[in-house]
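For ligands, and for the atoms within them, numbers begin at 1 and follow the listed sequence.
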Amino acid sequence: MAEEKPLVEISKGLNGLEKIVLRQVRGSSTEVYLHGGHVTSWKNDHGEELLFLSSKAIFKPPKPIRGGIPICFPQFGGHGNLDQHGFARNRVWSIDTDPPPFPTASANKAFVDLILKPSEEDLKIWPHSFEFRLRITLGPGGDLMLTSRIRNTDTKPFSFTFAYHTYFSVSDISEVRVEGLETLDYLDNLKEKERFTEQGDAITFESEVDKIYLSTPTKIAILDHEKKRTFVLRKDGLPDAVVWNPWEKKAKSMVDFGDDEYKHMLCVEAAAVEKAITLKSGEEWKGRLELSAVPSSYRSGQLDPQRVLQG
Ligand code: TA6
């Protein structure tokens, strides 16, 4: 029987919006909408959904989709005439038919290349020409990789901040721990971005959290005790990590978020926030995010988060 190949298919998603589905031979899959270049689903080999998507998410441009992996560019958490997380997640991207050569393409990976360039309207609110190429890749083992390449195609330099605003699906936020951010400094968005130092052990959750951890390691682990599952987040070119759960009060204030949904999600976002990235004319920046979900069972000692982080 011919070796089954990964599959890439273009179809119509919610509200007739165009989406691309990547399927791997062993059963994992991911979905990305051209609206926002937005990954909205990532399922493991058993078809279990690993990303959180609000039941109230609005799939209607230009409103960003609540959940999945919103792309925050050209700013994260900013002010002024741009939306707080920029406009990339509110724009319709295109499939890039002639991307520059990419070193990692290989037969057993399913991937799609998307591209975003500023419209005349965009240039009025952010007067910088750029080409933003986004490759979404699903590896044979179900790992999900997002690679952003942002090139300054203008004649003058520009600076930007960036985040992959990833919403992880968790069984119960009160049973989740984050490893890898201990002892680091962070800016607390709930306290006017005042700088603090994290305590020495895993981060747990019992109220609203909105923290920008600075100079973070390449690997961060998110442990879902009930599901015996650990998400491993690996990043390159993204020194910071934002950790966010809106908790009850803020959840109720968001129209595109269910009142109780805060119990089943956690955002851990690979980001470049504290120090903006500056590109000279013709320069390109690359920011990579790799997500995997591994079984984690302390009882059997199979997975020690420290080993995952050092491995
Ligand atoms: O990533 C955390 C954060 O900056 C929070 O402050 C909260 O605003 C969240 O992003 C959601 O922002 P959004 O614009 O997607 O509603």
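In this structure, F59 belongs to a hydrophobic cluster whose other members, linked by side-chain heavy atoms under 4.5 Å apart, are L14, L17, Y33, L53, I65.
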Which atom pairs, one a donor and one an acceptor, fall under 3.5 Å between side chains of residues 156-165 and the rest of the protein, sequence neighbours left out?
| unit_1 | atom_1 | unit_2 | atom_2 | d |
| --- | --- | --- | --- | --- |
| K156 | NZ | P127 | O | 3.3 |
| K156 | NZ | D154 | OD2 | 3.3 |
| S159 | OG | T278 | OG1 | 2.6 |
| T161 | OG1 | F76 | N | 2.8 |
| Y164 | OH | L146 | O | 3.2 |
| Y164 | OH | S148 | N | 3.1 |
| Y164 | OH | S148 | OG | 2.8 |
| Y164 | OH | G287 | O | 2.6 |

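Between F168 and F231, the angle of the ring planes lies from 30° to 60°, which puts this pair in the tilted group. The aromatic rings of W247 and Y262 sit tilted, their planes meeting at an angle between 30° and 60°.
A distance limit of 4.0 angstrom between heavy atoms and ligand 1 selects the residues R66, F76, Q84, H85, R89, H165, D210, V242, W244, E269.
Legend: residues meeting ring-ring contact (aromatic ring centres under 6.0 Å, His included) with Y186, ordered by chain and number and at least two apart, are F196, Y213.
Using modelled atom types, one finds a donor on one side chain and an acceptor on the other under 3.5 Å when comparing T216 with K235.
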